[in-house]
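Model, not experiment: these values are computed from the prediction. In the text below, chain A, chain B and the rest are named by the order of the sequence lines, each starting its count at 1.
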Amino acid sequence: MTATATTRDVVGPGTKVGLRRVPRWGQALFVLGIWVLVWAVMRGQDTLILPGQAKTGLHDSMSQWKSDLIAGRDDNAFMQFTGWIADQIEAVGTWLQELVSEPAPPRPVPEIGWFGVVAVASWVGFAVAGWRIALLVLGSFLAFGLLGYWEDSMDTLIITFFSVAVALVVGLPLAVLMAKSTRVTAVVAPVLDLLQTMPSFNYLLPVFLFFGLGIPAGVVATVIYCTPPVVRIAAHGIRSVSGTTVEATDSVGQTRWQRLRKVELPMAKSTIVVGINQTTLAALAIVIIGGFINMPGLGGPVLDALTGQQTGNAFVSGLCIVIMAIMLDRTTTAASVHGEKLARSGTFDPRRHRIVLAVTGAVALVCVYYSRTYLKLAEFPESALGPAIGREMAMKVQSFADWFTSTFDAWTTAIKDVVSTFLLNPLQDLIANSPWYVTAVALTMLALVVSGLRPALITVVCLTGLYLSDLWNDSMITLTMTLVGALIVMILALVLGVAMARRPGVDLVLRPVLDAAQVMPAFVYLIPTLLLFGPTRFTAIVAGVIYAAPIAIKLVADGIARVSATTVEAAVSSGSTAWQVITKVQLPMARGNVVLAVNQGLLYVLSVVVIGGLVGAGALGYDSVLGFSQSQYFGKGIAAAGCIVLLGIMLDRFARGAVERQQRNNDILTRRPISGAI
Amino acid sequence: MSTTAEHEASQRLTNGHDATNAAVSVRALWKVFGPKAEQIVGSPEATLSRSELMTRTGCTVAVNDVSFDVAPGEVFVVMGLSGSGKSTLIRCLTRLIEPTAGEVLLDGEDVRDMSDTRLRELRRTHVSMVFQHFGLLPHRQVIDNVAYGLEIRGAKKKERHARAKEMVDLVGLTGYERSYPDQLSGGMQQRVGLARALAVDPSVMLFDEPFSALDPLIRRDMQKEVIRLHEEVGKTMVFVTHDLQEALKLGDRILIMRDGAVVQIGTPAEVVAQPADDYVRDFVSDVPRSHVLTLRYVMREPRPSDSDEGPVMSPDTIVRQAARAALASAHPVRVVENGQVIGIVDDDAILRVVVAEEGAPA
Ligand SMILES: Nc1ncnc2c1ncn2[C@@H]1O[C@H](COP(=O)(O)OP(=O)(O)O)[C@@H](O)[C@H]1O
Ligand SMILES: [Mg+2]
């Protein structure tokens, strides 16, 4: 530890003797000041602006490459391989669809009608997590139908389950390997890091290229996106199984396989289920953007409604996703403790339990039979009660939205204008309207001063990539939006986090709200913000802030809460005011968590700001969307996707470097890898 | 706690003979943690202090050229301060930690030569271990924790539960079969650990500070429990502790370790009466000597002038047990071994031992 500390000090900027005494934020301000001076003189030169519809030779050649690739698909072994995989996924997916959501020819309806599906789903809920969860599942499934999105919801569930199943089949063995072998960890961990740093949006273009559209592309994108959490969390769980217990059970002569099966996996079970929960929610996060690649499910309707400015419809279809997220979250969480809870309750009788399960299972099967036999029980009774409710709700929300926007337009516009005029525009002016080399040098210097040499080098590499992509200016605009969003997130996090840590009452009220908010897919937040602020960059920033704030607030609150009570007591007894305790004791001691909150804030906001390209946020997000929608812009889209990755890595390493310098011995970084956004 | 036969066995072994029928026999055992561990073994570097060796080579010598024998049925205690290498040593016996050099013979077979299968066999049937932090499986009920060793070797459920039930009764946990470990107190959890180790009916039991995590009162109960079990089942035991009281109470013989090396091996009385060096002397300075010392260590040479009317006692009588009779009699005690008077203990000698410890915190 000391060895690394001294090398750091040697290579860090601190060695410049004059700077050593200046604190880091002072050095950063100094760099910023010089940047502003240079900007004042050179503003507008060499900004590398590339208008929305314009593209460069690089982009064209990438588009050409894609066309060639697709044209030569039959000769290219890799493309044939991915094509074959796509066919297999399509086959399984279609089979599942015909089972529950689509007509299964020659039947005019799915094999199992809605009635049977609801019964089986509720029974599964009962079996894995008890009757409360069964009721939740039942209610959720009925809600899907009543809101008018039965088929789409079933499709989304199919893709989610399919993807999670694949993710577990791939991820759990990988997690075991990672837990057992440091070598595997050394190889896999950085890949997981990278995957988790990337906004989900980014997987779409390459997946589209190799797997086309529809179910296969949807499943592949989802699997890539949702596998890392379970691998990481399960590996962690297995690794942290008590060494004493492993040793004690080794001492009676178990084989390695027995150790894994009887000791490590059961003991890590609840952690593994947390991983499965995270993976499931991650899979759900892809649902909406999956609409871009024609993934069946709720994504399509939400996207259509969003682009068509139909707030009401967006709300109702978004509501289905929210319900689904809550249902899956609650179910997996409850399932993790269900078995043991049962076994521990004094009255538990395994035989009776089995009988109850068998009987209820039989009832579910009877329901399946009826739903196959009677048409009425096969298709959700749309005309009777279904979409009417959904449509009515959409209309009400729409009229509310119209009323709201017309009434509060002045307010929302004022907020938007204030932030734009005083924060967004000046910052964008500085970052994007400085000559590119000035911005590049300034950003590198900032990374060097704040985070150290390695992050600075990584910044140089990433900035070079941005420059070479011919999307410099768009990247800088996206960067600005991300920074502004993260800034707002941090203000919220500090104010609310401190309040939560200091006042149990605030914590009591706020924490459940934050927990619930963290379960939602990012895209859901675009719906209300779009209503409030219309299609602008500001909307994307606000959605990003809402998405990122919960995790940041919780990190700050937990960091402060962990400051030892004795230390605080000592500070108070020596006559500190509340403000002094906060600023001089609690925040500095929680610095590691605060900087971690910055890291998470940056990545989360970035991921939403990018999706915001869809609702008028422009810049890299817009370029990516263009890549899907128009073939000749594919190259530009891919370049934009690359830029998003580079920005993500740059911001991540920047904040990480800052944490590492702040608290080299804080265990947060070593234990819990910083995970990325949506 | 030792029967005469065992005691004789241990006496023999103390003197270093007759390793052939020892239950456990350790020869020149080394464990070095760190890079290129093998090169440290027996090299001049091994004599360096721990911190110096660490900075020079990055290695720690946890077990340094240790040899000893344990007779069948003996309770052999390994004692030393924390970090002296006790846990490492006891784990080397079944290769839970792989030794760097030396021999570990269990019933004459070298553990280090065993294949994985043979080693597993050994752990399943021959040697079992009790751990300081219990190491129970939190997701299993007591009965399944106890049955774990039987389950591992493939016993049928009915059979292993019957055996486990017996063990649960034996350690006094009747009625708690269906509890989970976290529903039990520390002392009860360690009883489960004990039952698990007993369930496979091993011939050697290893204990690594099994009672250090327990409250003093419970610790005393558990020590009694071990003494009782030893009398009932008569296993060979290797018992690690850092608590001298415990060592003296349980051990037929005690091995005292410092920085990985053996400082002294001897019976409790030997260790207290003739500490090998200042380290051991320091250790035993607080011991209530009258509870440990035998007459052998306080007697003087017989003189012709000695009265021959005093009470007769064996040299292995503990001073405290001799005190009453000795002080009551007007004549000094005659210590007799094999029909020969080998020494005389007068009131002064007894009083010296008893009075000396009144000043010391017992
Ligand atoms: N796995 C290990 N790696 C490196 N050093 C170890 C390891 N285990 C124990 N040691 C070192 O070996 C020495 C003996 O440790 P241990 O056997 O646990 O002592 P005790 O049980 O007597 O307290 C200590 O200095 C300890 O730091
Ligand atoms: Mg130890």
Side-chain angles (χ1 to χ4, degrees), chain A residues 1-4 6 128 180 182-183 234 237-274 276 334-354, chain B residues 87 90-91 93-97 114 116-141 144-154 178-183 189-190 192-193 196-200 202 204-210 213:
Chain A
M1 212 65 232
T2 43
T4 44
T6 42
V128 301
K180 297 280 164 190
T182 42
R183 219 173 299 157
I238 296 169
R239 220 180 284 127
S240 25
V241 165
S242 144
T244 323
T245 308
V246 171
E247 193 173 43
T249 46
D250 274 351
S251 80
V252 297
Q254 62 193 350
T255 60
R256 245 167 253 168
W257 172 243
Q258 284 172 325
R259 183 208 289 173
L260 182 66
R261 210 164 49 87
K262 291 175 188 274
V263 179
E264 288 169 328
L265 288 183
M267 282 181 76
K269 187 180 140 204
S270 60
T271 314
I272 294 175
V273 178
V274 171
I276 296 176
S336 72
V337 292
H338 180 64
E340 197 150 325
K341 221 164 149 188
L342 270 187
R344 277 166 185 255
S345 74
T347 57
F348 180 67
D349 172 2
R351 249 192 54 194
R352 214 191 62 200
H353 184 67
R354 270 196 293 272
Chain B
S87 297
I90 202 170
R91 279 166 177 72
L93 300 186
T94 55
R95 280 172 54 194
L96 284 174
I97 291 178
M114 289 181 182
D116 279 2
T117 322
R118 176 75 189 103
L119 181 64
R120 219 176 289 133
E121 195 59 35
L122 175 91
R123 291 179 184 170
R124 285 180 180 186
T125 55
H126 194 72
V127 187
S128 66
M129 186 156 169
V130 181
F131 296 82
Q132 179 175 7
H133 297 293
F134 322 141
L136 302 179
L137 292 164
H139 58 281
R140 286 173 171 238
Q141 295 168 340
D144 286 316
N145 262 294
V146 174
Y148 190 74
L150 303 167
E151 178 180 337
I152 284 304
R153 65 192 199 199
R178 297 278 157 210
S179 303
Y180 284 86
D182 60 6
Q183 298 168 330
Q189 291 188 39
Q190 193 56 293
V192 179
R196 174 177 60 192
L198 284 166
V200 295
V204 178
M205 291 182 79
L206 310 178
F207 296 80
D208 185 15
E209 306 207 24

- Query: Taking side chain as C-beta onward, heavy atoms only, is B/His139 less than 4.5 Å from A/Lys269?
  - Reply: no

- Task: Considering non-hydrogen atoms only, spot the tightest contact between B/Gly135 and A/Ala248 and give its length.
- Result: O-CB, 3.6 Å

- Item | Residue, of B/Leu136, B/Leu122, B/Val130, that accumulates the most heavy atom pairs under 4.5 Å with chain A | B/Leu136

- Query: Under a 4.5 Å heavy-atom cut-off, does chain A meet the side chain of B/Gln183, its backbone, both or neither?
  - Reply: side chain

- Region of B/Arg95 in contact with chain A, defined by heavy-atom distances below 4.5 Å: neither

- Message: Set out, in order, the CA-CA distance, both residues' side-chain angles and the distance that settles side-chain contact (heavy atoms from CB on, under 4.5 Å) for B/Leu137 and A/Thr249, then state yes or no.
- Response: CA-CA 9 Å; B/Leu137 292 164; A/Thr249 46; 4.2 Å; yes

- Given a strict heavy-atom distance threshold of 4.5 Å, which part of B/Asp144 is in contact with chain A: side chain, backbone, both, or neither? neither

- Looking only at atom types and distance, does a side-chain atom of A/Gln258 sit under 3.5 Å from a main-chain N or O of B/Ile152, one as donor and one as acceptor? yes

- Message: Let's go through B/Arg120 and A/Thr255 carefully: what are the C-alpha distance in whole Å and the side-chain angles of both, what is the deciding distance for side-chain contact (heavy atoms from CB on, under 4.5 Å) to 0.1 Å, and is it a yes or a no?
- Response: CA-CA 8 Å; B/Arg120 219 176 289 133; A/Thr255 60; 3.5 Å; yes

- Query: Checking A/Ser251 against chain B: side chain, backbone, both or neither under 4.5 Å from a heavy atom?
  - Reply: both

- Message: As an exercise: rank B/Gly149, B/Pro138, B/Ser179 by heavy-atom pairs under 4.5 Å with chain A and give me the winner.
- Response: B/Pro138

- Task: Name the member of B/Asp182, B/Leu150, B/Thr117 that forms the most heavy-atom pairs with chain A at distances under 4.5 Å.
- Result: B/Asp182

- If one checks every heavy atom of B/Val127 against chain A at 4.5 Å, the contacting part turns out to be backbone

- Message: Less than 4.5 Å to any heavy atom of chain B: does that hold for the side chain of A/Lys262, its backbone, both, or neither?
- Response: both

- Query: Can you check whether B/Tyr148 reaches A/Val263 side chain to side chain, under 4.5 Å on heavy atoms?
  - Reply: yes

- Please tell me if the side chains of A/Asp250 and B/Leu96 come closer than 4.5 Å, counting only heavy atoms from C-beta onward. yes

- Kindly indicate whether the side chain of B/Arg91, heavy atoms from C-beta on, has any atom under 4.5 Å from the side chain of A/Glu247. yes

